[in-house]
Engineer: 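Before anything else, here's the structure in question.
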Amino acid sequence: AQKQLDVTFEPFLDGMFRFVSVFLEKSGEELRDELRDVQSHVEVTTKVALGTSAVAVAVALVLGLLVWRSIHVPIRALHLAAIALGQGRLETRVEIRSHDEMGVLAAAFNRMAADLATTTVSVAGLEGMFESMAAGVIVCDQQGRITNANRAAQELVQRPTSELVGVDFSVICRLGRSEEHTSEL
């Protein structure tokens, strides 16, 4: 039986062993080739991913800068115009021609400035009118101290505005009753 096994199965097993060895060697070579291909694809994919990421970051920075400028420039213009308007320059307008929220805000600001210009009386005009009134007018603060007096009021109490400003109004009221209170001025 041993002889039969050695004669029949040994050549079969040797052939099978050689076949398996060749198959394993060939499979190993194919696997190494495939691994090299995969590694080369991984390297290419990594380079493409890094390049794409760099481009994406650059695009995001550019878009961020554009968005920042599209917001910052109009807000700065509105800020400067609001300061000018607050300083009494009623002709101030904002030149923003966009149709987004900033454009709507600029248009509202310009309407407000125009409305203020048409409804606001100038301080110089009021002061001129105040000084030219025939009736005596004395202006007091909330505590009753005189802050201003027109020319007719100065003639009425026979005192210049410089002597009246800061004085309590009750002192002026007593002037007409007796001259003894004039020393309080």
Engineer: Between Ala134 and Ala152, which heavy-atom pair has the shortest distance, and what is it?
Structural biologist: O-CB, 3.3 Å
Engineer: Measuring from atom CD of Gln154 to atom CD of Glu163, what distance do you get when rounded to the nearest 0.5 angstrom?
Structural biologist: 10.0 Å
Engineer: When rounded to the nearest 0.5 angstrom, what is the spacing between CZ in Arg18 and CE in Met16?
Structural biologist: 12.0 Å
Engineer: With sequence neighbours excluded, tell me which residues meet salt bridge (Lys or Arg N to Asp or Glu O under 4.0 Å) with Glu95.
Structural biologist: Arg97
Engineer: Mind checking the CG-SG spacing from Asp168 to Cys140? Nearest 0.5 Å is all I need.
Structural biologist: 8.0 Å
Engineer: Between Leu164 and Val157, is any pair of side-chain heavy atoms under 4.5 Å apart?
Structural biologist: yes
Engineer: Can you give the donor-acceptor pairs under 3.5 Å from side chains of residues 40-65 to other protein atoms, not counting sequence neighbours?
Structural biologist:
| residue | atom | partner | partner atom | Å |
| --- | --- | --- | --- | --- |
| His41 | ND1 | Asp37 | O | 3.3 |
| Thr45 | OG1 | His41 | O | 2.7 |
| Thr46 | OG1 | Val42 | O | 2.7 |
| Thr52 | OG1 | Val48 | O | 2.7 |
| Ser53 | OG | Ala49 | O | 2.8 |

Engineer: At their closest point, which heavy atom of Arg151 faces which heavy atom of Glu131, and how far apart are they?
Structural biologist: N-OE1, 3.4 Å
Engineer: Got a second to check how far Phe23's CZ is from Glu30's CD, nearest 0.5 Å?
Structural biologist: 8.0 Å
Engineer: Near Glu91 CD, under 6.0 Å, is it more than 12 heavy atoms from other residues, nucleotides or ligands?
Structural biologist: yes
Engineer: Please report the interatomic distance CD(Gln87) to OG1(Thr92), rounded to the nearest 0.5 Å.
Structural biologist: 8.5 Å
Engineer: Quick one: list whatever passes salt bridge (Lys or Arg N to Asp or Glu O under 4.0 Å) with Arg89, sequence neighbours left out.
Structural biologist: none
Engineer: Indicate yes or no for a side-chain donor-acceptor contact from Thr147 to the backbone of Asp141 under 3.5 Å, with no hydrogens or angles considered.
Structural biologist: no
Engineer: Donor-acceptor check, side chain of Asn150 to backbone of Val137, threshold 3.5 angstrom: yes or no?
Structural biologist: yes
Engineer: How would you list, by chain and number, every residue that makes a side chain to side chain donor-acceptor pair (under 3.5 Å) with Gln143, sequence neighbours excluded?
Structural biologist: Arg145
Engineer: Which atoms form the tightest heavy-atom contact between Thr161 and Ala149, and what is the distance?
Structural biologist: OG1-O, 3.2 Å
Engineer: Report, one line per pair, each donor and acceptor closer than 3.5 Å where one atom sits in a side chain of residues 102-118; sequence neighbours left out.
Structural biologist:
| residue | atom | partner | partner atom | Å |
| --- | --- | --- | --- | --- |
| Asn110 | OD1 | Val94 | N | 2.7 |
| Asn110 | ND2 | Val94 | O | 2.9 |
| Asn110 | ND2 | Ala106 | O | 3.4 |
| Thr118 | OG1 | Ala114 | O | 3.3 |
| Thr118 | OG1 | Asp115 | O | 3.0 |

Engineer: Does any part of the side chain of Leu90, heavy atoms only, come nearer than 4.5 Å to the side chain of Leu85, both counted from C-beta?
Structural biologist: yes
Engineer: Do side-chain atoms of Ser27 reach the backbone of Leu24 as a donor and acceptor pair under 3.5 angstrom?
Structural biologist: no
Engineer: Does CZ in Arg93 sit with more than 12 non-hydrogen atoms of other residues, nucleotides or ligands closer than 6.0 Å?
Structural biologist: yes
Engineer: Rounded to the nearest 0.5 Å, what separates atom CD1 in Ile172 from atom CD1 in Ile138?
Structural biologist: 5.5 Å
Engineer: Go through the structure and list residues passing side chain to side chain donor-acceptor pair (under 3.5 Å) with Arg69, not counting sequence neighbours.
Structural biologist: none
